[in-house]
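Keep in mind that this is a model prediction, so the values were computed, not measured. Below, read A as the first sequence line, B as the second, and so on, with proteins coming before strands; counting in each chain starts at 1.
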Amino acid sequence: MAKVQFYPLDVVYKVVNNRTQIYLFGRTTDNKQICVIDENFEPYFYVLTKQIEDVQEKLVKIRVERDEDVSSVTKTEVVHKKLLSKETDAIKVYTKLPRDVPVIRDVIKEWEMIDSIHEYDIQFTRRYLIDKSIVPSTLVEVEGSEVNHKFRVPVFKADKITSLGDESLREPRVLAFDIETYNPDGESIQPEKNPMLMVAFYGEGLKKVITWKKFKTKSKEIEFADDEAGLIKRFKEIIREHQPDILTGYFSDGFDIPYIKTRAEKHKIKLDLGLDLSEVKVKAGKADTSKITGIVHLDIFKFIFKVMRGSLDTDSYKLDAVASELLGQKKKKVDLDKLAGIWDNKPEELERYCDYNLQDSFLTYELCKKMFPTLLELVKIVGLPIYAVNRMGFSQLVEGYLLKQAQQFNEIAPNKPHYDEISKRKMNTYKGAFVFEPKPGLYKDIVIFDYRSLYPSIISSHNISPGTLNCSCCEGEAETTPGEKEHKHWFCKKIKGFVPTIIGDLITRRMRIKEIIKKKEDKFLSARDQALKLLANSFYGYLGFFGARWYSIECARSVTGWGRFYIQDVISKARKNDFNVLYSDTDSVFLALGEKTRKDAEKFLEAINLGLPGLMEMEYEGFYPNGIFVSAKEGPYGAKKKYALMSEDGSLKIKGFEAVRRNWSFIAKEVQENVLNIILKENDTEKALTYVKTVVKELRNKEIPLDKVVIHTKLQKELGSYDAVGPHVAVAKEMKNKGVEIGIGSMVRYVVTSGTGRIRDRAKIPEDVKDKDYDFDYYINNQVIPSVEKIFEVLGFTKEELLRTKEQRKLERFFG
DNA sequence: CAGGGGCGGGG
DNA sequence: GTGTACGCCCCTG
């Protein structure tokens with residue numbers, strides 16, 4: 001008997017000789033790859049019934065023949081469990097193989113003596129991890145012996161397997177890759193038809209591009225293969241030699257891996273990268289996935305897109321945009337549309353494309369390294385394999401975590417809703433958060449408070465849980481959710497619910513970590529803090545999500561109901577204390593100090609906190625010497641979620657001035673930013689006004705360079721399929737006539753030139769515009785003025801006043 | 001305004 | 001295969 005300690009990274013199961021085997025792939029503490037086989041786990045599910053003995057008797061008699069197999073129940077036992085906090089006896093029904101579970105369930109679901117069947121659709125590997133308390137990436141000890149197996153790594157058969165706790169593999173061996181393909185201008189991507197041209201790798205001690213068109217180069221990083229088949233073979237070899245724990249790509253689930261797989265099939269090459277010699281599994285569909293047994297295929301794009309989206313500023317998730325925001329680094333600039341032509345006719349120019357390819361793999365590697373700590377912390381909390389967590393959205397993460405915790409709390413999981421139930425749930429809507437309409441204006445000395453983790457702390461403090469809802473024991477005793485006249489929802493005062501217990505645990509863990517980080521920065525603890533925050537903040541959405549097992553619209557409604565109550569409570573108390581309430585959204589209030597001091601505000605905050613229950617707390621978010629709120633597009637009402645603030649260090653916090661984005665000219669964006677700066681930082685309305693007038697004059701005199709008036713718009717569909725010909729479509733057509741390949745996704749740049757008639761007839765390719773022949777009226781009236789109109793309105797100036805020139809003012813004075 | 005359809009990322 | 005399939009934005013009836 002031997003002992004091995006290792007960090008499991010991937011889990012699969014197989015049925016071998018009619019036995020179910022769990023395979024755990026990972027890295028040992030002495031840094032070797034290993035596979036551990038565990039045969040000591042049986043599939044099971046739960047049956048709820050009032051006639052336990054009768055049902056047990058009938059269950060064990062079931063025989064379903066299928067091909068040469070017989071599905072049957074191997075044993076049953078009665079267990080005491082809870083379902084939504086209600087105590088109940090349940091029959092735990094065991095089968096021989098995982099695939100027997102749905103078969104048996106199909107037989108018994110019609111039995112009238114059965115109330116419900118549960119946990120019949122929990123993936124076998126997940127069930128295994130939960131029941132054995134094994135958390136992927138954290139240390140596990142195995143007792144057993146090495147066995148002979150034709151795998152790429154040593155195989156160990158487990159007699160006993162124990163989790164050793166929290167310590168995890170922090171620096172896994174990561175290999176990033178990226179491919180370039182042959183894709184003639186304007187053609188869509190066709191893996192069946194067009195070959196892969198090059199592959200780049202970036203990893204520890206490895207930096208390499210392989211391509212199969214030879215050209216002269218001094219680069220040591222470029223390697224040549226004979227043909228595409230040779231390239232694919234090298235792709236396989238390099239991964240095998242490098243032995244990564246993680247193979248990462250950017251959108252590699254949807255592009256790189258499926259592409260390579262298709263090309264490999266063309267050449268009748270097996271893409272057998274799995275550590276068990278299995279082939280890469282590509283699942284095509286609405287959400288493509290690519291899995292390699294034993295190696296974690298990590299699509300870093302998917303993680304960033306699904307989980308980090310809310311925390312990023314960029315609204316494009318292209319590698320270039322994401323890398324610039326997260327790494328401060330960009331892609332190499334090459335014209336990819338020309339690659340196919342250069343490949344065919346000018347191979348001597350290919351080196352630039354190799355560099356480009358290599359840079360992409362480098363950025364992918366760096367992104368993976370940067371994001372991995374957060375992903376890993378989610379893995380450790382949720383307890384599922386890295387591969388799975390990488391591809392999960394927030395509700396899946398919450399549900400994964402709840403399923404794991406359910407085992408600890410002896411709760412049986414509610415079932416997933418079926419189609420008709422989903423449609424019913426989708427019909428249910430409820431009121432959301434409270435947003436206070438601001439009075440447009442310029443304000444001084446603004447203090448912002450916000451509730452720390454408002455919704456999670458409400459769930460915890462008000463015991464909001466599907467199992468504690470409207471309990472008979474507290475009817476009339478417990479407070480009902482405020483602000484809901486049609487719905488009476490209350491939550492048990494005696495029994496603490498499953499969801500509040502769990503979320504309370506997340507909140508307190510997070511508080512402890514924050515205390516530590518405050519004293520000393522720590523990359524891994526910050527990642528854990530972020531993971532805990534992401535997860536806790538997802539519970540409210542989960543409760544109202546139609547696909548959730550622990551769905552409860554009553555709970556979701558109560559969360560927002562209490563949320564509105566608490567924020568409105570602060571607003572009315574602030575007013576009683578003579579603060580001027582400027583704005584409020586969901587969990588924050590903006591107060592103008594007026595005659596009061598910051599000390600007064602702090603005292604007020606303390607008083608508020610004394611009155612809050614449980615884990616609820618209001619925090620001091622910040623002080624801003626100046627701020628501006630503008631009115632909505634129509635009418636004198638304040639625009640919600642649209643304001644700008646200046647911090648004491650002079651930096652601006654601009655929210656929701658969304659009109660100025662991609663498809664606006666640079667000059668409009670620039671003027672807006674500058675105006676906000678002048679107003680908030682220098683407090684000089686006259687200067688801002690003069691500045692705008694100057695820009696308007698410069699536009700009239702064509703003193704503004706052409707590149708500042710270029711408008712960028714992306715083609716959203718194929719050129720031929722546009723019904724409405726907007727300016728960008730007209731220009732795209734013109735480009736096409738000139739031989740430029742243009743299609744879906746192409747960025748169209750244009751300038752509106754002078755003249756009369758439709759804008760689209762005057763939109764021109766910037767390069768074709770001579771002598772700054774842009775239509776200054778258009779840029780003044782449709783770009784620059786609209787971008788600042790609302791700001792000046794707040795300051796008491798109308799659009800007309802912005803446009804008025806000195807001469808006009810003189811005339812006005814003259815005519816009185 | 002509800003409901004269907006298509007896109008995102010990748011070359 | 002303890003199947004299964006996202007979520008947002010735009011367009012249309």
Side-chain angles (χ1 to χ4, degrees), chain A residues 12-15 20 42-46 66 71 93-95 97-106 117-128 178-191 193-198 249-260 283-289 299-306 309 315-322 331 334-340 343 353 356-357 360 364 391-396 403 413 415-416 418-419 422-423 426-427 541 545-547 714-718 721-724 741 743-745:
Chain A
V12 297
Y13 84 91
K14 290 180 194 195
V15 175
T20 314
E42 297 164 292
Y44 68 86
F45 61 99
Y46 295 107
R66 245 187 359 138
S71 292
V93 184
Y94 291 86
T95 66
L97 304 176
R99 64 165 172 256
D100 296 331
V101 170
V103 174
I104 302 294
R105 188 227 161 200
D106 263 353
I117 312 169
H118 291 268
E119 303 196 14
Y120 50 81
D121 59 352
I122 293 170
Q123 273 182 24
F124 189 63
T125 50
R126 295 191 183 186
R127 168 97 288 160
Y128 173 85
D178 179 54
I179 67 168
E180 305 302 326
T181 65
Y182 187 85
N183 194 207
D185 229 356
E187 270 184 33
S188 60
I189 294 169
Q190 301 168 69
K193 184 177 150 208
N194 293 324
M196 159 164 76
L197 305 181
M198 48 184 83
Y250 198 84
F251 197 55
S252 42
D253 254 353
F255 179 71
D256 302 70
I257 298 274
Y259 206 104
I260 298 170
K283 228 193 269 170
K286 290 250 176 196
D288 305 336
T289 54
D299 184 343
I300 196 62
F301 157 76
K302 235 174 214 174
F303 181 69
I304 292 170
F305 191 71
K306 289 198 161 201
R309 187 152 37 164
D315 36 32
S316 159
Y317 285 83
K318 289 175 186 306
L319 178 57
D320 198 44
V322 170
K331 278 166 80 108
V334 296
D335 188 351
L336 256 194
D337 291 336
K338 295 208 171 90
L339 172 56
W343 181 266
Y353 289 90
Y356 167 85
N357 192 194
D360 278 7
T364 304
R391 287 157 182 80
M392 290 172 129
F394 290 116
S395 352
Q396 284 173 300
L403 281 170
N415 287 325
K416 280 189 185 161
H418 285 285
Y419 184 77
I422 289 176
S423 353
K426 280 183 176 169
M427 309 280 277
F545 166 57
F546 58 79
K714 205 168 105 174
L715 277 193
Q716 296 294 350
K717 42 187 195 175
E718 217 47 80
S721 56
Y722 275 97
D723 296 327
E741 284 298 335
I744 292 175

Which whole number of Å gives the distance between the C1' atom of C:dA5 and that of B:dG6? 15 Å
Using the C1' atom in both, what is the distance from B:dG9 to C:dC6, to the nearest Å?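 So the two C1' atoms sit 14 Å from each other.
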Integer-rounded Å distance: [N] [atom2] and [X] [atom1]:
X        : N      : atom1 : atom2 : answer
A:Lys338 : B:dG11 : NZ    : P     : 17 Å
A:Asp320 : B:dG11 : CG    : P     : 11 Å
A:Asp337 : B:dG10 : CG    : P     : 14 Å
A:Asp299 : B:dG10 : CG    : C1'   : 10 Å
A:Phe301 : B:dG9  : CZ    : C1'   : 4 Å
A:Phe303 : B:dG9  : CZ    : C1'   : 17 Å
A:Leu339 : B:dG10 : CG    : P     : 16 Å
A:Tyr317 : B:dG10 : OH    : C1'   : 17 Å

Base, sugar-phosphate, or nothing: which does [X] touch, judged by heavy atoms less than 4.0 Å apart?
X        : result
A:Tyr259 : nothing
A:Asp288 : nothing
A:Asp253 : nothing
A:Ile179 : sugar-phosphate

Among residues at least two apart in sequence or on other chains, which ones pass side-chain hydrogen bond (donor to acceptor under 3.5 Å, both in side chains) with [X]?
X        : value
A:Glu42  : none
A:Tyr182 : A:Asp344
A:Gln123 : none

Pick out the pairs of N or O atoms, protein on one side and nucleotides 3-9 of chain C on the other, that lie under 3.5 Å.
from: C:dG3; atom 1: OP1; to: A:Asp121; atom 2: O; distance (Å): 2.5

Rounded to the nearest 0.5 Å, what separation is found between the OH atom of A:Tyr353 and the NZ atom of A:Lys338?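 Atom-to-atom, A:Tyr353:OH and A:Lys338:NZ are 7.0 Å apart.
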Are A:Tyr120 and A:Phe45 close enough that their ring centres sit under 6.0 Å apart?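 So the answer is no for these two rings.
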Is the distance from OP1 or OP2 of B:dG11 to the nearest side-chain N or O of A:Lys331 less than 4.0 Å?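 Yes, because at least one side-chain N or O of A:Lys331 sits under 4.0 Å from OP1 or OP2 of B:dG11.
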What residues, two or more places apart in sequence or in another chain, satisfy salt bridge (Lys or Arg N to Asp or Glu O under 4.0 Å) together with [X]?
X        : value
A:Lys416 : none
A:Asp253 : A:Lys302, A:Arg391
A:Lys331 : A:Asp360

Pairs under 3.5 Å (Watson-Crick or G-U), crossing ones as [ ], inter-strand ones as |: DNA chain B comes out as ||||||||...
Nearest atoms (heavy-atom pairs only) where A:Thr20 meets A:Phe124: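 Smallest heavy-atom distance, with atoms named: CG2-CE2, 3.2 Å.
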List for me each residue that meets ring pair (Phe, Tyr, Trp, His ring centres under 6.0 Å) alongside A:Tyr128, sequence neighbours excluded, and say none if there are none. A:Phe41
